[in-house]
Amino acid sequence: MLITRLVAHLQQPPSNPGWALHLDKARVMTPFALKKAKDYAYDHLSKPLTLKDWAEEIGLSSFYFMRSFRVTTGLSPHQYLIDQRIQLARHLLEAGWAASSVAAHLCFSSPSHFSVIFKQRTGLSPAAWKDAHLTRNSAIFRSVKAFDAQNFYRPNRVS
């Protein structure tokens, strides 16, 4: 952003040197509007959400909402929504949901799209995250795994 302002500043005649400082100004959202925006996003994590609907809920145009949300939170509305969906996905995976069910529930276009986004945000695939976190952190999950290990039929194969 600084480079863009510098290039724009250098291309302008010297009669108005301060004009480039106002290129990307957007107002910060009020705490009430930000809370309302976050609440609306939370209520729509498992439903499709358009920028237009989200902005109308706050009473702003789509463009102005997008810019002011980014200035206030440091994230675009889409990035914020994806982050929130990934947080909920972690809880659903902990509760034992399958990755494909989580993807469908959280409105990802496909299970593979969900897996790619999940891995980008957490560093692990949904299955690897579930194994890494649940096996260590959940007594219930450990007891279920132990039960499955004792009661799962495995044919003895001689190779």
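What you are looking at is a predicted structure, and each value in this text was computed from that prediction instead of being measured.
- Summarising the geometry, atom OG1 belonging to T122 is positioned 9.5 Å from atom CG belonging to L93; distances are rounded to the nearest 0.5 Å.
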Fill in: Chi angles and distances behind the side chain to side chain contact (heavy atoms under 4.5 Å, CB included) call for F118, R90
CA-CA 9 Å; F118 191 91; R90 289 172 148 180; 4.0 Å; yes
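- If you take CZ on R121 and CD on Q87, they are separated by 10.0 Å, rounding to the nearest 0.5 Å.
- Atom CZ of residue R70 and atom CZ of residue R67 lie 10.5 Å apart, to the nearest 0.5 angstrom.
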If you look only at distance, which donor and acceptor atoms sit under 3.5 Å apart when one is on a side chain in residues 96-110 and the other is two or more places apart or in another chain?
residue, atom, partner, partner atom, Å
S109, OG, H113, ND1, 3.4
S110, OG, S112, OG, 3.1
S110, OG, H113, N, 3.1

Show me, pair by pair, the donor-acceptor contacts under 3.5 angstrom made by side chains of residues 29-39, not counting sequence neighbours?
residue, atom, partner, partner atom, Å
T30, OG1, A33, N, 3.1
K35, NZ, D39, OD2, 2.8
K36, NZ, E57, O, 3.3

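- When side chains are defined from C-beta on, E56 does not count as touching F65, because their heavy atoms never get closer than 4.5 Å.
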I'd like a table of donor-acceptor pairs (distance under 3.5 Å, sequence neighbours excluded) in which one partner is a side-chain atom from residues 41-51, with atom names and distances.
residue, atom, partner, partner atom, Å
H44, ND1, Y40, O, 2.8
T50, OG1, D53, N, 3.1
T50, OG1, D53, OD2, 3.0

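- Note: F69 and Y80 have perpendicular aromatic rings, judged against thresholds of 30 and 60 degrees for the angle between ring planes.
- In this structure the side chain of F114 reaches within 4.5 angstrom of the side chain of I86, judged on heavy atoms.
- No single ILVMFWY cluster, assembled from side-chain heavy atoms under 4.5 Å apart, contains both L88 and V116.
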